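Shown below is the structure under consideration.
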There are 2 protein chains.
Amino acid sequence: MTVTIYDVAREANVSMATVSRVVNGNPNVKPVTRKKVSRTIEELGYRPNAVARGLASKKTTTVGAIIPDISSIFFAELARGIEDIATMYKYNMILSNSDQNKDKELQLINAMLEKQVDGILFMGGDITEDHANQFESASVPVVVAATQDETNTIPSVNIDYEAAAFEATSYLLGKEYEKIAFISGVDDTLINQQKYNGYLRALKEKNVSLNDDYILTGDYSYDSGLDASDQLLQMEDKPDAVFVSSDEMALGVIHGAQDKGYQVPQDLEVFGFDNTRLATMVRPTLSTIVQPMYDIGAVAMRLLTKYMNKEEVEEKKVVLPHRIVERDSTK
Amino acid sequence: MTVTIYDVAREANVSMATVSRVVNGNPNVKPVTRKKVSRTIEELGYRPNAVARGLASKKTTTVGAIIPDISSIFFAELARGIEDIATMYKYNMILSNSDQNKDKELQLINAMLEKQVDGILFMGGDITEDHANQFESASVPVVVAATQDETNTIPSVNIDYEAAAFEATSYLLGKEYEKIAFISGVDDTLINQQKYNGYLRALKEKNVSLNDDYILTGDYSYDSGLDASDQLLQMEDKPDAVFVSSDEMALGVIHGAQDKGYQVPQDLEVFGFDNTRLATMVRPTLSTIVQPMYDIGAVAMRLLTKYMNKEEVEEKKVVLPHRIVERDSTK
DNA sequence: TTGAAAGCGCTAACAT
DNA sequence: ATGTTAGCGCTTTCAA
C-alpha cells in the first residue's frame, strides 16, 4: 500500500542503494540515473519513511524541548526562537510542558530519550543531580536555556540575572529613594536567588539597610502582582518604588496601584523584568530589564546543533547581554 | 553500548518476545518470569527504542501540530490544551510554526507525514484543496482547530464566529448607538469573513446602514490596534464604539484612544474577541467574546485520539459554545 | 506461557 | 557509478 524505497528501485530499474543516494542528495549518481529515479519517485508518490531512516542511521533529526509552560508569554517567545533555528537546521521539535515539576521533568527526559531525539533543550527550574544523571544515561547533547545548572556541567544560555537585578535596583536607588521593594518569584530557583542577590548588593552599595517587609513573593502571574501591590500599599511606610521580577507581575502591580487610586510612577515607581511584549501594552509603559528571550532560545538551539554535529564549541556557558529600558512607569 | 531487548533476553534467559511482552504489559506472562525480566531490565538500565518500535508496529505515538505562531497568546493557549490531552493519552507532540504561509504549511504536513506521526492537528488560515490533498496522501487522521475548512471534509473544532460577531455587534448596537466600527484581521480567511458577516447581520437587523469608513483592518497585533485607533479618532464623524476582532488589537485601540486623551468607555466603547488573559490585564478591563482556546485545543486533541483509535465519532464538526463577558471597556 | 523467525523501510559498508 | 547485503531494535504471527 505505502510505496517504499524498494518499489521505487524496482520501477526505476536500479538498486535500493541508488534510490537512497538520490533521496539523500549523494553526489555519486549519474545525472541520467538521478533524473530517472527522481521521476519515478514523483510518479509513485514515494515519501521516505523517517522512522526507518532513523533506525538505520541512528539519527532522527528531532530534538526535544522541555518547557515549564508554553502558554506563558516568556516561554512561548523562547520556544519560537528554538523552533526557528531548529527548522533552519532541518530539525523537528518535540515540545512538552513540565510545569516545573521535577518528576514530570525527569519522566519527559526519559520519554524523549526513548524517542531517540538527537538532542534536548531544557528550560525549567534548576538542573539537579538527578537531572544530570538522567541526561547522562543517554549520550545525547543537552543545552539548558534561561535555566541555571546547579551541577555546573551542562551547556547553557542565560543572561546575568544578578547583574541585571543589581542594575535595576541601583537605577531605582539612583533617584535618591531608599524604600525599594522587591517582588520575587516563589520558587527557590537559583535565578530567583540571583535576582535577590543583585537587589541586596545594590542596597548594600548605597548603604541602604534591608527592610524585610519590602520583600514579597509572587508566582510570576498578573494576579500575584495585584496582590503584592495591595500589600505594598497597605503598609504604614510605603515604598517609593518596586522592582518586580517579571513583567506580568509588574502589570499587576501597576494596575493594583491604579485601582486603589495611586498614580504610577508619581506615587509608586514600578520596574519589571523580561521585556515581554506586555511591557509596552500597558499605561504607563513599563520600565524593565531587557532579557532577549527569542535570542536565548535561538542561541541555545544553535549551540545544540553544534554539539549534535560534534563541532568545536568555544564557550559552553553563554551569557547574553541584557539592558535596561526606561519607559513611563519610572520617573 | 546501548542495551537492547536482545541483551535483556539473554541476561534473563528468555526470548526477545517475552521481554517485549513484559515491556508492553502483555498479560500472557507468568508472574515469575515477569519479575525476573523486570529486574534485569532495571539492572541493565534498558530503555526501549521507540524508533525501532515505531518501525515494527507502524505506530509512533507522536502527533504533529501545525500552528501559525506559538508566541501568539491565543495559539499558545491552544497549544497547551493540545499538549495536555496528548500527554494524557501518551502521545508526544511535534510542534511547528507555519506563520500561516501556505507553502510552509504544505511542507510541514509533508515533513510530519515522513516522520510517521499518528495524527495531525492543524491550525492556520483556511484548509484549501491543496491541504486536503496533502492530508489525503497519507492515511493519518487530521483535525483542525480554530480553523475553517473550505473543503468541508475535515473534522474540526471551532466556535460559531458569525454568531459571536453578531452578538458582539448587537450588544453594542443595543445601547442605541448606531456608529459601530469594526476592525477585522487582514487575512481573507473564512473566520474573518464570518466575523464580518456577523457584524453586517447585526447592523441589518437593527436597520443601521453600513458605513465603509468604519471598517478597518489590522493584523491582530497590538500596534495595528494602535493604528486603527488613530484612524478612528481622526474621523469627522467618530464612531461610538468599536468591535475589534482580537483582544490584543483591542488593547491597542484602548491605549491609542487614551494616549490621545479620550476616555474608554465614555468617549469610545471597545469590545474585543477571544478573552485571552490580556482582557483582564488592561484598564479598563476589556469586554469581549469568550472563545475557549484551551478547550478548543483539548477537544481537538481528544477528537484526534478517537480517530487514531478508530473509534466511532458522533460529531465530526464540533462547535464549542462562546459567550460575552461584559467588563469595563463598555458601558 | 514461551520461543523462533520474519519482517518493518531504510542506511552504510563493501564489492564491483 | 551502482549493486549486494547485513543490520538497526523492535513487534508480531505462528508454533510449540
Side-chain angles (χ1 to χ4, degrees), chain A residues 1-38 40-41 44-62 90 111 113-118 138-140, chain B residues 1-38 40-41 44-62 90 111 113-118 138-140:
Chain A
M1 202 202 83
T2 60
V3 12
T4 73
I5 200 172
Y6 183 77
D7 300 321
V8 177
R10 185 167 27 70
E11 205 68 19
N13 284 310
V14 296
S15 70
M16 290 166 54
T18 300
V19 179
S20 176
R21 288 192 187 96
V22 348
V23 168
N24 294 294
N26 184 314
N28 288 0
V29 182
K30 235 198 314 193
V32 204
T33 320
R34 179 184 305 283
K35 184 151 285 176
K36 183 176 57 176
V37 172
S38 299
T40 76
I41 283 180
L44 267 46
Y46 168 66
R47 176 159 29 221
N49 181 323
V51 172
R53 178 183 291 177
L55 183 58
S57 68
K58 296 173 165 303
K59 285 200 172 55
T60 55
T61 60
T62 307
K90 312 271 184 226
L113 259 16
E114 286 192 356
K115 296 247 162 146
Q116 313 299 117
V117 294
D118 295 336
S139 42
V140 309
Chain B
M1 203 203 82
T2 60
V3 11
T4 73
I5 200 174
Y6 183 79
D7 299 322
V8 177
R10 186 169 23 72
E11 204 69 19
N13 284 310
V14 294
S15 70
M16 289 166 56
T18 301
V19 179
S20 175
R21 290 191 185 96
V22 347
V23 168
N24 293 294
N26 184 315
N28 288 359
V29 182
K30 238 195 316 195
V32 206
T33 319
R34 178 184 305 283
K35 183 151 287 172
K36 183 176 57 179
V37 171
S38 299
T40 75
I41 283 179
L44 268 46
Y46 168 65
R47 176 162 24 222
N49 180 324
V51 171
R53 177 182 291 178
L55 183 58
S57 69
K58 297 174 165 303
K59 284 200 174 52
T60 55
T61 62
T62 305
K90 313 270 183 226
L113 260 14
E114 286 193 356
K115 296 247 162 145
Q116 313 299 117
V117 294
D118 295 336
S139 43
V140 310

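Convention: sequence-line order gives letters A, B, ...; per-chain numbering from 1. As the structure is a computational prediction, the values presented were derived from the model and not from experiment.
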Starting from C1' on dT11(C), measure out to CG on L55(B) and report it in whole angstrom.
12 Å
What's the shortest heavy-atom distance between T4(A) and Y46(A), and which atoms?
C-CE1, 3.6 Å
Got a sec, which pairs hit side-chain hydrogen bond (donor to acceptor under 3.5 Å, both in side chains) with one end in residues 21-31 of chain B, sequence neighbours left out?
S20(B)-N24(B)
List the atom of S38(B), the atom of V22(B), and the distance in Å for their closest heavy-atom pair.
OG-CG2, 4.2 Å
Name all residues meeting the side-chain hydrogen bond (donor to acceptor under 3.5 Å, both in side chains) criterion together with S15(A); count only those two or more places apart in sequence or in a different chain, and write none if there are none.
T18(A)
Does R53(B) make a side-chain N or O approach to OP1 or OP2 of dG9(D) shorter than 4.0 Å?
no
Indicate, with a heavy-atom threshold strictly under 4.0 Å, whether N28(B) touches base, sugar-phosphate, or nothing.
base
Taking all heavy atoms of P48(A) and all of V23(A), pick out the closest pair and write down the distance.
CG-CG1, 4.0 Å
Could you state the atom-to-atom distance from NZ of K59(A) to P of dT11(C) in whole Å?
12 Å
Could you work out which one of dC10(C), dC10(D), dG9(D) sits closest to the side chain of Y46(A)?
dC10(C)
Quick one: are K115(A) and T62(B) in side-chain contact, heavy atoms under 4.5 Å?
yes
What is the distance from CZ of R47(A) to P of dG9(C), rounded to the nearest Å?
14 Å
Strand contacts (DNA chain C) in residues 4-15 of chain A, 4.0 angstrom heavy-atom criterion:
T4(A), I5(A)
Measure the distance from NZ on K36(B) to C1' on dT2(C) and round it to the nearest whole Å.
10 Å
Expected rows: protein N/O vs nucleotides 12-16 of chain C N/O, under 3.5 Å:
none

Is the shortest side-chain N/O distance from K58(B) to OP1 or OP2 of dC10(D) below 4.0 Å?
no
Can you sort out the partners of T60(A) under side-chain hydrogen bond (donor to acceptor under 3.5 Å, both in side chains), two or more places apart, ordered by chain and number?
D118(A)
In whole Å, what is the span from the CG atom of N49(A) to the P atom of dC8(D)?
18 Å
Gap between atoms CG and P, on L113(A) and dG9(D) respectively (whole Å)
15 Å
Taking the nucleotide of DNA chain C with the closest heavy atom to each, which residue, A50(A) or P31(B), is nearer the 5' end?
P31(B)
Those residues that, when tested against K36(B), pass side-chain hydrogen bond (donor to acceptor under 3.5 Å, both in side chains) (two or more places apart)
none
Around atom CD of E114(B), are there more than 12 heavy atoms from other residues, nucleotides or ligands closer than 6.0 Å?
yes
What is the separation between atom CD on E114(A) and atom C1' on dC10(D), rounded to the nearest whole Å?
13 Å
